[in-house]
Amino acid sequence: MTQTLSPARATEFDVRVLEDAELRTANTIFNEAVHEQPPNDEKWATTRKFYEPGRTFGAFAGDTMIGTTTSLTSALTVPGGAVLPMAAVTGVAVRTDHRRRGALTGLMREQLAAVARGGEVFAALHASEATIYGRFGYGIGTLAHIVRARPARARMRPEVPTTGTMRLLTQDEALTLLPEAYSRMLGAWPGMMGRGPSWWALCYERRLRHEYFRVAAHHGADGAIDGFLQYRPSEQAPADPRDGVGLVVYDFVAADQAVANDLWRFLLDIDLVDHLTAYQRPTDEPLAAALVDSTAVRSELDDDLWLRLVDVPAALSARAYGPADPVVVEVVDPLLPANTGTYVVGAAGAERTEAPAALTVDPEALAMLYLGAWRPSQLAGIGRVTVHDPAALPAADRLFGTERAAWCGSLF
């Protein structure tokens with residue numbers, strides 16, 4: 001679908017695609033915004049690999065770059081198993097001395113226009129500040145748990161089966177073997193995202209080459225990798241090593257629950273670990289029920305993937321829906337007006353219609369419904385969905401519901 005952005009309000013900044021020679025400045029702006037030191041020459045040689053040609057924007061005050069955003073080529077698994085192109089937005093930052101003057105708005109609008117022109121159906125990001133992105137049509141598309149465990153008390157119940165073997169990987173093995181292994185698991189959950197070469201450069205090569213991360217892989221009966229972990233010690237080491245360290249798990253991917261059981265068993269059995277934190281775990285993961293002492297773990301609900309439907313007709317027609325009578329949904333998208341219209345959504349799919357709407361949503365609410373993180377009736381109850389026909393809500397709940405909780409699990 002050809003998209004044209006609605007007219008932008010004027011800002012004092014120019015926004016354009018960056019040249020290769022400007023990327024390091026953009027990276028410096030981002031690192032300073034998140035209070036990290038910019039990479040030295042050695043680390044920049046690796047970091048540079050995640051910047052894809054033509055996908056990084058800069059905002060300029062005169063000749064000075066004061067803001068930036070970029071995106072990685074990716075894809076999204078939608079309910080029913082279809083995988084559609086997606087832009088994974090990252091590296092968003094504006095210099096502290098130029099904030100709240102329209103630079104971020106200009107960057108976000110130019111980026112969405114480029115995503116639409118490129119034919120990507122979705123844009124998505126992880127939000128460091130939750131109040132920023134809703135006005136650009138991003139909504140919380142998937143939820144996750146932050147899991148905190150005390151390994152000394154967290155022991156698997158004896159009936160939990162073992163299905164394979166674990167092995168620590170070298171840096172080169174991880175970078176060579178894991179991309180292919182992940183691609184075989186991409187459709188396991190709605191919400192899982194594709195990991196292209198730039199993602200692996202950002203989230204694996206950069207960490208493994210320049211920081212202290214470990215990687216362990218699970219091998220099934222056929223010898224193939226069907227799960228893996230990326231983890232590191234927490235920043236602060238104990239004064240007495242006998243007290244044990246903390247471990248932080250950044251990546252935890254498993255083909256199925258049996259593999260996840262083995263990955264958890266491996267983590268909980270690592271010696272000299274006092275506490276363990278795993279980010280971005282599925283909300284329906286039954287870890288506590290798998291332990292002898294279910295109170296040895298605590299889970300905290302967290303936002304996972306913030307989603308933006310860039311091509312609403314393509315997104316609605318691609319996903320599967322539950323068994324229910326069709327519902328007519330109106331989408332009002334001021335930023336990407338080609339999305340605005342009414343769509344009849346039913347078990348057979350979705351298409352535009354001239355019929356009167358039973359429900360009206362904005363892009364943020366639509367993103368929250370799309371992967372099943374919220375039911376339409378929940379959002380209607382808090383005023384996030386406008387209801388014209390209350391009788392349509394039960395059917396809408398069944399249509400947009402999913403058999404398993406959507407989950408992304410990929411930080412970027």
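A donor-acceptor pair under 3.5 Å is formed between the side chain of Arg184 and the backbone N or O of Ile225. Asn27 contributes no side-chain N or O that, together with a main-chain N or O of Leu23, makes up a donor-acceptor pair within less than 3.5 Å. Without hydrogens or angle criteria, Arg195 side chain to Cys203 main chain gives no donor-acceptor distance under 3.5 Å. When atom types are taken as modelled, the side chain of Gln111 and the backbone of Phe57 share no donor-acceptor pair closer than 3.5 angstrom. Under a 3.5 Å cut-off, the side chain of Tyr250 and the backbone N or O of Phe213 do not form any donor-acceptor pair. When atom types are taken as modelled, the side chain of Arg308 and the backbone of Phe136 share a donor-acceptor pair closer than 3.5 angstrom. One N or O on the side chain of Asp304 and one on the backbone of Cys408 form a donor-acceptor pair closer than 3.5 Å. Checking side-chain atoms of Asp303 against main-chain N and O of Leu143 turns up no donor-acceptor pair under 3.5 Å. Checked by atom type and distance alone, the side chain of Asp397 pairs as donor or acceptor with a backbone atom of Ser377 at under 3.5 Å. A donor-acceptor pair is defined here as one N or O able to donate and one able to accept, closer than 3.5 Å; such a pair exists between the side chain of Thr170 and the backbone of Glu173.
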- Query: Which is it for Arg150 and Asp274 under the salt bridge (charged side-chain N to carboxylate O under 4.0 Å, His left out) test, yes or no, and what are the steps along the way?
  - Reply: CA-CA 6 Å; Arg150 292 287 182 179; Asp274 178 68; 2.7 Å; yes
- Give the C-alpha distance, both sets of side-chain angles, the deciding distance and a yes or no for salt bridge (charged side-chain N to carboxylate O under 4.0 Å, His left out) between Glu32 and Arg95. CA-CA 8 Å; Glu32 290 176 346; Arg95 269 178 35 170; over 6 Å; no
- Go through the steps for Asp293 and Arg157 under the test salt bridge (charged side-chain N to carboxylate O under 4.0 Å, His left out), then give the verdict. CA-CA 9 Å; Asp293 180 356; Arg157 297 176 63 88; over 6 Å; no
- Could you go step by step and tell me if Arg153 and Thr295 meet the side-chain hydrogen bond (donor to acceptor under 3.5 Å, both in side chains) rule? CA-CA 9 Å; Arg153 293 170 46 209; Thr295 67; 2.7 Å; yes
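Ion pair Glu300/Arg281 not flagged as a salt bridge, since none of the NZ, NE, NH1 or NH2 atoms sits closer than 4.0 Å to an Asp/Glu carboxylate oxygen. Comment: Asp325 does not engage Arg398 in a salt bridge, judged by the lack of any side-chain N to carboxylate O separation of less than 4.0 angstrom.
The number of heavy-atom neighbours closer than 6.0 Å to CD of Glu211, taken from other residues, nucleotides and ligands shown, is above 12.
Thr340 and Asp333 share no donor-acceptor pair across their side chains, judged by distance under 3.5 Å alone. With hydrogens and angles left out, the side-chain atoms of His218 and Thr165 include no donor and acceptor closer than 3.5 Å. In the model, Arg55 has a side-chain atom that pairs as donor or acceptor with a side-chain atom of Ser71 under 3.5 Å. A donor atom on one side chain and an acceptor atom on the other are not found under 3.5 Å apart for Glu351 and Ser317. Using a 3.5 Å distance cut-off with no hydrogens or angles, the side chains of Arg214 and Gln230 do not pair a donor with an acceptor. Remark: the Asp251 side chain and the Tyr279 side chain contain no N/O donor-acceptor pair separated by less than 3.5 Å. Arg352 and Thr342 share no donor-acceptor pair across their side chains, judged by distance under 3.5 Å alone.
Using cut-offs of 30° and 60° on the angle between ring planes, the pair Phe252 and Trp264 is tilted.
His275 has its side chain out of reach of Arg148: every pair of non-hydrogen atoms, C-beta onward, lies at least 4.5 Å apart.
Aromatic ring centres of Trp200 and Phe50: separated by at least 6.0 Å. Aromatic rings of Phe122 and Tyr370 (six-membered ring for Trp) have centroids within the 6.0 Å cut-off, being under it. Remark: aromatic rings of His126 and Phe412 are close, center separation under 6.0 Å.
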Indicate every side-chain donor-acceptor pair of residues 383-392 with a distance under 3.5 Å to a residue at least two apart or in another chain.
unit_1	atom_1	unit_2	atom_2	d
Arg384	NH2	Glu364	OE1	3.4
Arg384	NH2	Glu364	OE2	3.2
His388	NE2	Thr360	OG1	2.7
Asp389	OD1	Ala391	N	3.1

